[in-house]
Number of protein chains: 2
Amino acid sequence: MSVTTEPISHPTRSELELSAVLHALSDPVRLMIVAELAKNQGEYTCGSFSLPVTKSTCTHHFKVLREAGLIQQRQQGTSRLNTLRRDDLEARFPGLLPTVLQAVPDSAAVAAVTA
Amino acid sequence: MSVTTEPISHPTRSELELSAVLHALSDPVRLMIVAELAKNQGEYTCGSFSLPVTKSTCTHHFKVLREAGLIQQRQQGTSRLNTLRRDDLEARFPGLLPTVLQAVPDSAAVAAVTA
DNA sequence: TTCGTTGTACGATGAATGGCGTACAATAGC
DNA sequence: GCTATTGTACGCCATTCATCGTACAACGAA
């Protein structure tokens with residue numbers, strides 16, 4: 001990708017805010033992303049999700065998720081690898097992520113990881 | 001209050017949507033309201049919360065909470081009594097409400113029930 | 001009946017949001 | 001070196017959102 005030499009910044013564990021996290025999760029597209037990341041452990045490129053939006057909108061959603069502290073992004077070559085910040089979330093808001101994920105409707109599973 | 005003869009409508013249990021619930025909870029003011037309602041069992045008038053916003057903004061937030069299915073509103077005289085829809089939420093999204101409430105910072109408790 | 005209380009309705013406003021297209025930067029591969 | 005891939009940046013747009021002020025409706029109490 002590009003990164004334009006800007007370092008990828010993430011909030012620290014203690015900076016995580018409940019409102020921000022809930023807001024990040026309140027969008028269906030972002031909920032799909034998180035649900036997919038949660039389903040399989042590991043790192044996934046942005047492009048590996050088949051989302052119902054364009055590339056640029058995707059970038060936007062990943063940015064929101066990152067800034068809210070839900071995901072970690074790491075640059076590798078031209079792609080950006082995404083990981084769920086399970087541990088940090090669990091430490092700050094115990095049980096929140098698993099509970100929300102359990103409530104995600106299966107219809108959101110349409111966002112299958114294609115790669 | 002007024003009600004203007006409009007009946008108060010609520011979504012049914014099966015109509016509750018995760019995104020809407022999370023969105024409703026993603027605002028600090030609404031989170032305070034819900035936290036306060038959760039702390040004490042029972043019905044509370046809108047005016048019994050000391051919130052950092054004006055009356056009209058309050059009305060707005062209570063409406064959002066009601067339309068998302070988080071609270072139940074019942075008219076009694078000039079006031080409107082609010083209750084948390086614990087059972088419905090628990091049935092539809094098990095564990096969600098308790099988990100979120102547990103994550104609410106104490107600073108939100110500033111919104112004390114005055115009456 | 002006349003206030004005072006409680007809360008809604010409506011309209012305005014500024015900020016944020018989600019969406020898109022285009023341009024381009026960085027790297028991988030040929 | 002050239003090209004394809006991956007993803008960001010930026011600008012634009014329409015919509016939603018949180019907030020407020022004012023007006024007013026409904027009811028209780030004096």
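Hydrogens, waters and symmetry mates are skipped; everything else that's a heavy atom, side chains included, is used. Within every chain, numbering begins at 1; the chains are lettered A, B, ... in the order of the sequence lines, protein sequences first and strands thereafter.
Taking A/Arg86 as the reference, nothing meets the side-chain hydrogen bond (donor to acceptor under 3.5 Å, both in side chains) condition, with sequence neighbours excluded. A/Arg92 meets the side-chain hydrogen bond (donor to acceptor under 3.5 Å, both in side chains) test with no other residue; sequence neighbours excluded. When the side-chain hydrogen bond (donor to acceptor under 3.5 Å, both in side chains) test is applied to A/Glu43, the partners found at least two apart in sequence or on another chain are A/Arg74. For B/Asp88, the salt bridge (charged side-chain N to carboxylate O under 4.0 Å, His left out) partners are B/Arg13, B/Arg85, not counting sequence neighbours. The side chain to side chain contact (heavy atoms under 4.5 Å, CB included) search around B/His61 returns B/Asp27, B/Val29, B/Arg30, B/Ile33, B/Thr57, not counting sequence neighbours. B/Glu15 is linked by a side chain to side chain contact (heavy atoms under 4.5 Å, CB included) to B/Pro11, B/Thr12, counting only residues two or more places apart in sequence or in another chain.
In terms of phosphate contacts, B/Arg80 brings no side-chain nitrogen or oxygen within less than 4.0 Å of OP1 or OP2 of D/dA26.
Identified under the ring pair (Phe, Tyr, Trp, His ring centres under 6.0 Å) test for residues 9-29 of chain A, with sequence neighbours left out: none.
Distance NZ (B/Lys63) to P (C/dT8): 10 Å, rounded to an integer number of Å.
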Nucleotides 19-22 of chain D: which of its N/O atoms have a protein N/O under 3.5 Å away?
residue	atom	partner	partner atom	Å
D/dT19	OP2	B/His61	NE2	2.3
D/dC20	OP2	B/Thr54	N	2.9
D/dC20	OP2	B/Thr54	OG1	3.0
D/dC20	OP2	B/Thr57	OG1	2.8
D/dG21	N7	B/Ser56	OG	3.1
D/dG21	O6	B/Ser56	OG	3.1

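When each of A/Gln76 and A/Cys58 is assigned the nucleotide of DNA chain C bearing its nearest heavy atom, the one mapping closer to the 5' terminus is A/Cys58.
No side-chain heavy atom of A/Thr83 sits less than 4.5 Å from a side-chain heavy atom of A/Leu37.
Taking every heavy atom of residues 15-26 of chain B and every atom of DNA chain C, no pair lies under 4.0 Å.
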